[in-house]
Visitor: 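Have a look at this one before I ask anything.
So you know, we letter chains A, B, ... as the sequences are listed, proteins then strands, and number each from 1.
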Amino acid sequence: MLLAERFDVDEIATEAHQPDYNVAPRASVYGIVERMPGARVLESLRWGLVPSWAKDTKIGDRMINARAETLAEKPAYKHAFARRRCILPADGFYEWRLQPRQGARKAHKQPMFIHRRDGDPLAFAGLWETWCDPSDADGPWVASCVIVTTRPNEMLEPIHDRMPVVLGEDAWSTWLDPENHDLCRLAPLLVPAPSEWLEAYPVSTRVNKASSNGPDLVDPIEPETLFQ
DNA sequence: CCAGACGTTGTT
DNA sequence: GTCTGG
DNA sequence: CCAGACGTTGTT
DNA sequence: GTCTGG
C-alpha cells in the first residue's frame, strides 16, 4: 500500500478504505503511530480527540484542532503530547478565503485547496489517544486524534490566520518517538511549513457541504466561476 | 476543599 | 487525570 | 470549517 | 443568534 511505503510503516493495523476528500469530525482518518520506538503502525483514528478520562465520546466533537502554542499545558492534550504523537497524512486541506464582492453586502467565502507542490501527501502533526467506555469495560477501544495548528506561513497568510502543522520527512522520527520527552526538540517542529512546499488554488463550493465527497472536489475551478 | 471544565475557529 | 474557579 | 436546525411527550 | 451534525 502506497501510504505504508511513503511513511515507512512496519505494520498495517487497519483495513484499507477509499480516500475521503471531505473529511468531517468523527470520521475515520489514517494515522501513523509508534507505540514502541521505531515501530510504525498505520492505524485508523477517529478525528476528534477523546481523552482517556472522558465519560463518553461527545467531548471529541470539539477537540478537532490543538493549538501548538498551548499543547503542553492544556489538560485535554497534555498526556497525548507527552506520549502519543502521530502523523496524519492528507492529500491537502481546505481553507475559506474571504473575498469581498462588488455590490454584494456579504463577502464570498472561496474554498481553497492547499497541497504539496511535489505531489507527496502532507504529514500533519497530530496527537492520538485510546479510550474505552468506563461504564462498559468490555466495550470496544476507540482510538482518536487531533490536528495540531500553528500560525500561517507567508503563502497562507492572505487566506487564513491558522494552518495545520506540516512536518518535513526529517522531522517524522523525532515527532513520532514516544520516548522523546524533550520539549527543546519538539517545539521547533511546531512551526509553519515553508511556503515553497505548498500551493493553493480555488475549488468548487461543493466542498462546503459535508455530504459532498469524491476526487472531483479538488478539481481546480476556472477564474470565471470564482464569483458566481 | 469541591465542582466543573477539559477546545478552536471565526464572526460580531 | 488534572487544572481552574469559587 | 459549513449547513441546517432551532421541540416535546410518550413509547419502544 | 446559536447549537448540532457531518
Visitor: Mind checking A:Tyr94 for me? I need base, sugar-phosphate or nothing, with any heavy atom below 4.0 Å counting as a touch.
Guide: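 The residue A:Tyr94 makes no contact with any strand.
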
Visitor: Quick one: side-chain hydrogen bond (donor to acceptor under 3.5 Å, both in side chains) partners of A:Glu199, sequence neighbours excluded?
Guide: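 Partners of A:Glu199 under the side-chain hydrogen bond (donor to acceptor under 3.5 Å, both in side chains) test: A:His115.
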
Visitor: Summarise how protein sits on nucleotides 2-7 of chain D as a single string, 5' to 3': B when a protein heavy atom is under 4.0 Å from the base, S for sugar-phosphate-only contact, - for no contact.
Guide: SSS---

Visitor: Do you know the tightest heavy-atom contact between A:Pro164 and A:Ile147?
Guide: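 That closest heavy-atom pairing would be CB-CG2, 3.9 Å.
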
Visitor: With side chain to side chain donor-acceptor pair (under 3.5 Å) as the rule and sequence neighbours excluded, what pairs involving residues 137-149 of chain A come up?
Guide: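 Sorted pair list: A:Thr149-A:Arg162.
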
Visitor: Return the minimal non-hydrogen interatomic distance between A:Phe7 and A:Pro121, and the atom names on each side.
Guide: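 Minimum heavy-atom separation between A:Phe7 and A:Pro121: CE1-CG, 3.9 Å.
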
Visitor: Please list, chain by chain and in numerical order, all residues satisfying side-chain hydrogen bond (donor to acceptor under 3.5 Å, both in side chains) with A:Glu34, sequence neighbours excluded.
Guide: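 Checked A:Glu34 against side-chain hydrogen bond (donor to acceptor under 3.5 Å, both in side chains); matches are A:Arg40.
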
Visitor: Within the 4.0 Å heavy-atom criterion, would you say A:Asn22 contacts the bases, only the backbone, or no part of the nucleic acid?
Guide: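 Result for A:Asn22 = nothing.
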
Visitor: Could I get the full list of ring pair (Phe, Tyr, Trp, His ring centres under 6.0 Å) partners for A:Tyr21, not counting sequence neighbours?
Guide: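 By the ring pair (Phe, Tyr, Trp, His ring centres under 6.0 Å) rule, A:Tyr21 matches no residue at all.
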
Visitor: Can you name the residues that form a side-chain contact (heavy atoms from CB on, under 4.5 Å) with A:Arg206, not counting sequence neighbours?
Guide: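 Once residues adjacent in sequence are excluded, the partners of A:Arg206 under the side-chain contact (heavy atoms from CB on, under 4.5 Å) criterion are A:Ser204, A:Ser212, A:Asp216, A:Leu217.
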
Visitor: Quote, to the nearest angstrom, the C1' distance that separates D:dT8 from E:dG1.
Guide: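 To the nearest whole Å, 22 Å.
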
Visitor: Considering only atom C1', compute the distance from D:dC2 to B:dT9 and round it to an integer number of Å.
Guide: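 Result for the C1' pair: 12 Å, nearest Å.
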
Visitor: Rounding to an integer number of Å, can you tell me how far A:Leu98 CG sits from B:dT9 P?
Guide: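 The answer, rounded to whole Å, is 16 Å.
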
Visitor: May I ask you to list the residues sharing a hydrophobic cluster with A:Met36, side-chain cutoff 4.5 Å, ordered by chain and number?
Guide: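 Other cluster members: none.
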
Visitor: When all nucleic acid strands are considered with a 4.0 Å heavy-atom cut-off, which category describes A:Arg62: base, sugar-phosphate, or nothing?
Guide: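 It contacts base atoms.
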
Visitor: CG of A:Leu183 to CG of A:Leu190: how many Å apart, nearest 0.5 Å?
Guide: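 Between atom CG of A:Leu183 and atom CG of A:Leu190 there are 8.5 Å.
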
Visitor: Return the set of residues passing side-chain contact (heavy atoms from CB on, under 4.5 Å) with A:Glu73 (not counting sequence neighbours), or none when no residue passes.
Guide: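 Only A:Thr70 meet the side-chain contact (heavy atoms from CB on, under 4.5 Å) criterion with A:Glu73.
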
Visitor: Any base atoms under 4.0 Å from A:Ser212, or only sugar-phosphate, or nothing? Heavy atoms, all strands.
Guide: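 Counting heavy atoms under 4.0 Å across all strands, no contact is made by A:Ser212.
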
Visitor: Just checking A:Thr149: base, sugar-phosphate only, or nothing, at a heavy-atom cut-off of under 4.0 Å?
Guide: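 Counting heavy atoms under 4.0 Å across all strands, the contact made by A:Thr149 is with sugar-phosphate only.
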
Visitor: Rounding to the closest angstrom, what is the interatomic distance between B:dG4 and D:dT11 at atom P?
Guide: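 It comes out at 33 Å once rounded to the nearest Å.
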
Visitor: Output the rounded distance in Å from CE (A:Met63) to P (B:dT9).
Guide: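 About 13 Å, once rounded to whole Å.
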
Visitor: Which residues pass the ring pair (Phe, Tyr, Trp, His ring centres under 6.0 Å) test with A:Phe81, not counting sequence neighbours?
Guide: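 In terms of ring pair (Phe, Tyr, Trp, His ring centres under 6.0 Å), with neighbours along the sequence ignored, A:Phe81 is linked to no residue.
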
Visitor: With sequence neighbours left out, what residues match A:Trp131 under ring pair (Phe, Tyr, Trp, His ring centres under 6.0 Å)?
Guide: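 Once residues adjacent in sequence are excluded, A:Trp131 has no partner under the ring pair (Phe, Tyr, Trp, His ring centres under 6.0 Å) criterion.
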
Visitor: For DNA chain E, which nucleotides open and close the run of contacts to chain A, 5' to 3', at under 4.0 angstrom from a non-hydrogen atom?
Guide: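 Nucleotide range in contact with chain A: E:dG5 to E:dG6.
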
Visitor: Kindly express the pairing pattern of DNA chain B in dot-bracket notation, using | wherever a base pairs with another strand and counting only Watson-Crick or G-U pairs under 3.5 Å.
Guide: ||||||......

Visitor: Nearest-Å distance, CZ (A:Arg67) to P (B:dT8)?
Guide: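 The answer, rounded to whole Å, is 7 Å.
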
Visitor: On a whole-Å scale, what distance lies between the P atoms belonging to B:dA5 and E:dT4?
Guide: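 Taking atom P in both B:dA5 and E:dT4, they lie 14 Å apart.
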
